[in-house]
Amino acid sequence: MDPEFHPISIQAGEGAWLIASDGKRYLDGNSSIWTNLHGHRHPKLDAALFDQLGRIAHSSFLGLTHEPAARLASELVSFANDPDLHPKLNRVFFSDDGSTAMEAGLKMILQGFSQAGEPLRREFISPDGAYHGDTIGAMSLGKSETFHHHFQTFLFPTRKVMAPACYRCPFNRAKPEREDARRYRKCNFECATLAEEEIHKVGHRLAAWVLEPKVQGAAGMIMHPEGYAQRTAAAARKVGARVLFDEVLTGCHRTGTALAAHSQRVMPDVVALAKGLTGGYLPLAATLTTEKVFAPFHGDPEKTFFHGHSYTANPLGCAVATANLGLLSGRDAEKQRHRIFRSLQEVSKQFWQHPNVGDVRQEGGILAIEIVRDRSTRARFPSKEKRGARICRAAQDLGLITRPVGDVLVLMPPFCTTDEEIEKMAESLFQGIRKEMPA
Ligand SMILES: *Cc1c(COP(=O)(O)O)cnc(C)c1O
């Protein structure tokens, strides 16, 4: 912890803006750490919250139920399924945040296999750099030196395969260009082949292939080449294992479709949703699964999935989440998102002007700009120089709040952001780069 660090105190919010206690206004360039979807103080979300507050804020979900949860579960089932894709995610398990949604997912997979007579399925495979949350189970599934090194001996062992990160791939023979590395890569899709081989090798001991489909967030907004999710999921199914997708970041239309899985034309057996689920209002998460995964829990009370949190299915969260799904549906909402995606694409081009920009990549509402010491070799800055953090600090003085992932800068505006506001965000970030790295 840096003793010189004095965080800005945020007092209010309004659309894409955050307002500090000293009255200064900042654009919320990363949607309040990837959660917010429609802006702050959205009248429909506020109304859903107040309306539920007029009834009850919370009651237990143990042996009781309530209408906001039942309604949300039913809405989520329609939201998460694509008519042309299988299997169907028909069962919903509520928890509080992304980490708990992942914990619940991996526990239901393990217990499910155990109760279905396959107790030897105990292994998990995920890509290098994966991030699934900060609880012990979620950490075990993830791969991060910085976050995990104090806890390594407490984490259960999992297997990792190389991340499908085209810009930094040792198999990519292409010279750097001023383009998303996925577009000019020259390789034989070795990342997918290596994952398939590892999945095949673990075979009948594999419980699940665990993936953040399309975009690995905390690994540095690694954006996957088309077909990776589909090929690896098929390999996992071939050996009888489950496919667990972590859509905590990518879900709720952040990358375009309701789930990133839809655009990849492959459904998981279990999916975790959190961050955007309440539009960035309240901590609520859901783990959705299929009838097949649910079946071994049915019947005998001893087969119950004994996992619950005090605030499971919090009614305020459920009411806001239902209103959020409502705001995400319909043609106008879709048009609005596409405007944002185009606007981000438009502003992304200017970053190539700077010689220290090595890769610019985008998936829907996520724009990532990777800073390098040398564009021609893709060499990084020493991590202790904290270039990404310094750039974002400089951009903050210019009215933009966003957080880097290492030296990867991120713009992920709420869907209510205007084109002018997006231009302003990009301009502040670009000035931040210029200030820290005068070319
Ligand atoms: C943020 C995140 C998590 C953890 O969610 P929390 O709500 O912070 O516990 C898990 N997976 C992914 C992909 C995330 O981006």
Side-chain angles (χ1 to χ4, degrees), residues 30-37 80 93-107 109 124 126-144 146-148 151 155 158 160 163-165 208-224 228-229 243-255 257-261 263-264 268 270-288 307 309-314 317 320-321 324 363-368 402-406 408 410-412:
N30 71 346
S31 292
S32 293
I33 205 67
W34 319 346
T35 60
N36 194 290
L37 291 179
F93 188 87
F94 289 112
S95 64
D96 309 335
D97 49 45
S99 313
T100 55
M102 285 302 291
E103 293 278 351
L106 75 98
K107 282 172 69 178
I109 288 169
F124 293 93
S126 52
D128 202 7
Y131 179 77
H132 301 294
D134 288 341
T135 52
I136 295 283
M139 278 199 289
S140 302
L141 289 179
K143 313 279 182 301
S144 161
T146 328
F147 278 52
H148 300 168
F151 314 104
L155 305 185
T158 60
K160 78 176 169 198
W209 161 242
V210 184
L211 180 69
E212 295 157 77
K214 207 156 158 178
V215 185
Q216 273 177 261
M221 294 300 163
I222 292 175
M223 298 185 182
H224 299 171
Y228 182 80
V243 175
L244 168 53
F245 279 178
D246 178 349
E247 296 231 23
V248 171
L249 162 66
T250 54
C252 298
H253 288 283
R254 188 67 81 178
T255 66
T257 42
L259 301 187
S263 71
Q264 302 307 292
V270 181
V271 71
L273 294 175
K275 289 197 168 91
L277 183 58
T278 60
Y281 265 53
L282 288 160
L284 180 79
T287 308
L288 275 66
H307 181 117
H309 301 279
S310 321
Y311 284 95
T312 288
N314 172 255
V320 178
N324 170 45
E363 281 296 347
I366 309 175
L367 176 64
T402 186
R403 270 182 88 82
V405 190
V408 178
V410 179
L411 279 185
M412 195 189 302

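All ligand and atom numbering here is 1-based and tracks the order in the structure.
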Of all heavy-atom pairs between P127 and L211, which one has the smallest distance, and what is that distance?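 Scanning both residues, the minimum pair turns out to be CG-CD1, 3.7 Å.
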Closest non-hydrogen atom pair, V408 against A368: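 Closest approach of V408 to A368: CG1-CB, 3.8 Å.
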Who's closest to atom 12 (C) of ligand 1 heavy-atom-wise, of L273, D97, T35, D246?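 Closest candidate by heavy-atom distance is D246.
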Atoms in ligand 1 with a heavy atom of G133 nearer than 4.0 Å: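 So the answer, numbered in order with elements, is 4 (C), 10 (C).
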Of all the atoms in ligand 1, which lie at a distance below 4.0 Å from a heavy atom belonging to W34?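 Counting from 1, the qualifying ligand atoms are 15 (O).
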Is it true that the side chains of T158 and K143 contain a donor and an acceptor less than 3.5 Å apart?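 Yes, because at least one side-chain N or O of T158 sits under 3.5 Å from a partner of the opposite role on K143.
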For ligand 1, the portion of [X] having any non-hydrogen atom under 4.0 Å away:
| X | answer |
| --- | --- |
| Y131 | both |
| K275 | side chain |
| E212 | side chain |

Yes or no, since that's all I need: does a protein heavy atom fall within a distance strictly under 4.0 Å of atom 15 (O) of ligand 1?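 For atom 15 (O) of ligand 1 the answer is yes, since some protein heavy atom falls inside 4.0 Å.
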In terms of residue, atom name and distance, what is the protein heavy atom nearest to atom 6 (P) of ligand 1?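 Heavy-atom neighbour on the protein nearest atom 6 (P) of ligand 1: G98 N, 3.4 Å.
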Identity and distance of the protein heavy atom lying nearest atom 9 (O) of ligand 1: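 Result: S99 OG, 2.5 Å.
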For the residue pair E247 and K214, establish whether any side-chain heavy-atom pair is separated by less than 4.5 Å.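 No, their side chains stay 4.5 Å or more apart.
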Report yes if some heavy atom in the side chain of I366 is under 4.5 Å from a heavy atom in the side chain of M221; otherwise report no.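 They are in contact (side-chain heavy atoms under 4.5 Å apart), so the answer is yes.
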Tell me if a side-chain donor or acceptor on S32 pairs with a main-chain N or O of T35 at a distance below 3.5 Å.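 Flag not set: sc S32 to bb T35 has no pair under 3.5 Å.
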